[in-house]
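Following: one structure in structure tokens, then a few remarks.
A note on names: the letters A, B, ... follow the listed sequences, proteins ahead of strands, and every chain is numbered from 1.
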Amino acid sequence: MTTAISEIDPQELPKGVSLWQDAWHRLRRNKLAMIGACYLIAVIIMALLTPWIAPYAYDAQDLRLGATPPSAAHWLGTDLFGRDLLSRIMYGGRISLLVGFIATAVALVIGVTYGAIAGYVGGRVDAIMMRLVDILYALPFMIFIILLMVVFGRNLLLMFLAIGVVEWLTMARIVRGQVQSLRQQEFVEAAISIGLSPARIIWKHLIPNALGPVIVYTTLTIPSVMLLEAFLSFLGLGIQPPQSSWGLLISHGVETMEEYPWLLIFPGLALTMTLFALNFLGDGLRDALDPRVSKD
Amino acid sequence: MSFLGNRIFSMAVIVVVLYLNGCGGPEVNQVESGNRDQILHLGNGTEPQGLDPHIVTGVPEHHIITALFEGLVLKNPYTLEVEPGVAERWEISEDGRTYTFYLREAAVWSNGDPVTAEDFRWSWMRALTPELGSLYNYMYFPIVNAEAFANGEIDSFDQVGVKVLDDRTLQVQLYEPTPYLLQLFDHYSTFPVHRANIEAFGSISDRLSQWAREGNMVSNGAFELTEWKINSHVRVERRASYWDAENVELNGIVFYPTENITTEERMFRDHMLHKTNDVPLDKIPLYRAEKPELIELAPYLGTYFYAFNITKPPFDDVRIRRALGMTIDRELLIDTVLQGINTAAYGITPPGTLGYSPPKLFGFDPELARQLLAEAGYPDGDGFPPFEILYNTSEAHQKIAVAIQQMWQQHLNIKVTLTNQEWKVYLDTLNNMDFDVSRRAWIADYIDPNGFLDMFLTGGGNNRTGFSNETYDRIIQEGAPKATDQKERYKLFAEAETILINSMPVIPIYTYSIKHLKRESVKGMPTNLMAYYNYKYVYLEAEE
């Protein structure tokens with residue numbers, strides 16, 4: 001018998017496939033999701049390099065030129081002030097992506113921590129924590145953000161944080177539900193029985209297992225905060241001219257869509273394509289991370 | 001939640017936009033039904049700050065208040081000549097210093113009380129009561145002792161030159177013959193209010209009183225307030241007890257707060273408005289080319305300007321103010337952003353105001369401006385503290401601000417940020433002097449250079465810059481009113497304006513033009529220099 005064991009080459013043992021590897025394999029087979037991911041990476045790289053690669057400064061005006069349709073000098077045309085639209089879309093993308101990612105990160109950190117604690121501790125603490133979430137849900141979020149902006153003044157970073165602060169509620173609920181059901185499972189009992197601290201159990205065992213829905217919800221939150229930023233800026237609470245974001249470019253484009261349609265079409269395309277990419281990636285991730293999907 | 005909300009919102013916007021562009025309008029439209037029922041639907045700029053004639057200061061409020069109240073006199077909208085209002089006739093003494101008004105018997109308030117001379121005396125006392133803080137109280141200052149009363153120097157209104165001779169006779173005593181006096185009495189700041197009505201809701205000096213609200217207000221104009229839905233509309237209806245009711249054709253007027261002029265233009269196109277308050281700049285060429293019968297462009301007695309807060313460094317330095325004033329390329333701004341419909345302004349008084357034209361004391365001169373800035377300690381803009389341009393929320397103001405922001409940056413290397421605020425907040429900010437540079441405008445209350453120049457008297461309610469100059473005050477308050485002929489008077493005005501512009505607490509930018517869209521069914525509402533409406537003349541005729 002001992003020889004039999006020694007005859008088996010350890011190299012030939014089937015490798016254990018972790019959840020992550022498995023998910024990655026499935027994701028890679030999802031063409032749409034991969035296209036979305038590649039597109040997003042390209043957009044992010046472009047946003048990072050914008051100050052060096054943008055053809056013009058975002059605020060360089062040429063009043064005499066005015067609004068012109070796409071041409072060789074200005075690939076996507078110019079706006080009323082003779083500013084290059086391509087450059088403005090590139091610079092606007094920096095703001096839109098930044099708000100998308102920062103606000104979502106804030107929502108992620110608060111929501112996941114809060115939800116996991118509520119779900120794990122349970123009982124009265126859970127009841128109190130979740131009622132607090134209910135109360136915050138009931139607050140009109142616009143008023144809340146406006147209040148924050150009025151109290152702390154207009155500041156780009158603060159606006160990102162403020163948006164994040166109102167966007168974490170749903171995240172907290174999702175994570176709490178997930179943690180509550182995971183909590184009943186044997187591996188958690190095992191972890192408790194070997195004396196791990198609750199913090200360690202939450203961070204090492206519960207949250208990684210709840211990540212699927214969290215990632216999916218995150219990809220949905222990013223477009224939502226981008227749109228929220230456009231709305232706030234329109235009210236004069238967000239960024240101010242001559243800076244711009246995709247949302248603002250679109251809202252200005254709508255005003256003159258009959259006279260200068262390109263001012264609406266191109267920023268609209270930039271935003272829509274990014275939102276599509278995020279949604280494809282989110283869908284792909286949801287499928288990939290769903291443990292119930294059979295391995296084929 | 002918010003994502004879904006936003007999605008629905010943006011979808012709704014798209015649907016509305018497509019709808020508005022896709023068809024000519026719904027089967028039943030407000031313009032048509034308005035034409036039938038003589039209800040005028042007017043775009044009115046912004047939500048009114050209030051409807052208390054002694055408190056408000058804006059043009060949107062003006063449009064509503066002139067429908068609700070009536071002063072001693074009215075104006076003819078075609079000629080802008082004075083016509084009898086509550087006063088059926090008046091006499092002017094030979095020295096031009098005493099005006100006697102005879103009030104008409106038929107003039108009654110909306111509650112049936114007669115409009116008496118005492119009503120005017122009490123109302124004017126209210127407007128001048130220091131605690132009420134009326135920003136327009138200087139309109140009364142040609143009247144003997146009015147200023148002293150307004151400043152709290154005398155306590156008794158009996159010393160002011162306003163005398164009630166009997167129920168229907170009112171006498172006004174002036175310091176000097178004031179050529180534009182009658183015009184003051186068709187301005188809302190001199191309109192009468194109903195004493196019992198005001199006292200029922202608060203004291204004489206209660207600024208926050210609820211009397212001027214739907215259901216509370218007693219008024220004496222051709223119309224009465226029947227509905228005021230915040231941010232939706234203000235509705236006034238014809239008042240049968242008005243003394244001249246038989247000559248009022250309209251049955252009602254609905255005023256819409258149309259802060260977003262793009263939306264306003266769509267409302268007009270969708271037959272929801274008879275007349276807009278403004279036209280988006282980008283649409284002007286289109287209308288001029290395709291629907292010239294719907295667009296009205298005309299000169300307007302008003303000046304668009306930027307005002308400094310000169311109590312705040314670095315704007316306490318006249319060199320800096322002048323440098324900023326000289327680097328606005330007005331001609332370029334007007335040719336491009338403003339679609340060529342206005343004229344450049346280099347003085348606060350519009351050129352040709354009753355034959356007076358302001359001296360041109362500076363021009364577009366970036367060279368000199370840079371030199372001035374260097375002298376003030378900021379060579380090439382180095383170390384110049386960043387500051388804000390404040391404007392009330394509007395696409396047109398924003399466009400101008402964006403262009404000027406860039407001009408200052410380009411010519412002076414100065415960083416400027418923009419801040420927009422809703423109209424009421426903006427007015428508060430101005431009054432609290434909590435700004436660096438603000439977008440302002442002044443529309444004539446009466447046709448006379450004095451109407452622009454007395455704004456900048458020391459401590460004047462509409463000064464809002466901190467400007468104060470003794471010589472200037474003396475010329476406007478003592479010199480010009482005593483002038484014996486117009487030539488001398490205008491010479492003094494030019495002198496005062498020279499002081500003002502050389503000190504440059506304000507940067508004149510352009511002289512206004514009226515620009516609005518009007519349905520052809522609206523009759524009797526001509527454009528005039530003051531965009532003055534006399535709703536008695538207005539009627540609607542169904543379009544063929």
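Using a 4.5 Å cut-off between heavy atoms, Ala60(A) touches chain B through its backbone atoms (N, CA, C, O) alone. Neither the backbone nor the side chain of Glu265(B) comes within contact range of chain A; no heavy atom of the residue lies under 4.5 Å from a heavy atom of that chain. The contact between Leu80(A) and chain B is made entirely by side chain atoms (from C-beta outward), counting heavy-atom distances below 4.5 Å. Contact annotation for Gln61(A): both backbone and side-chain heavy atoms come within less than 4.5 Å of a heavy atom of chain B.
Counting heavy-atom neighbours within 6.0 Å of Phe362(B) CZ, excluding the residue itself, gives a total above 12.
The candidate from Leu286(B), Asp335(B), Leu281(B) with the greatest count of non-hydrogen atom pairs under 4.5 Å with chain A is Asp335(B). Ranked by heavy-atom pairs shorter than 4.5 Å toward chain A, the options Asp329(B), Thr262(B), Val337(B), Ile261(B) are led by Thr262(B).
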Q) Can Glu259(B) and Ser394(B) be said to form a side-chain hydrogen bond (donor to acceptor under 3.5 Å, both in side chains), step by step? A) CA-CA 6 Å; Glu259(B) 210 149 288; Ser394(B) 134; over 6 Å; no
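Residues Lys515(B) and Asp278(B) meet the side-chain proximity criterion, which asks for heavy atoms closer than 4.5 Å. Contact of the Phe308(B) side chain with the Ser438(B) side chain is not registered, since no non-hydrogen atoms from C-beta on lie closer than 4.5 Å.
The cationic group of Arg519(B) lies under 6.0 Å from the six-membered ring centre of Phe268(B) and within 45° of the ring axis, placing it in a cation-pi geometry.
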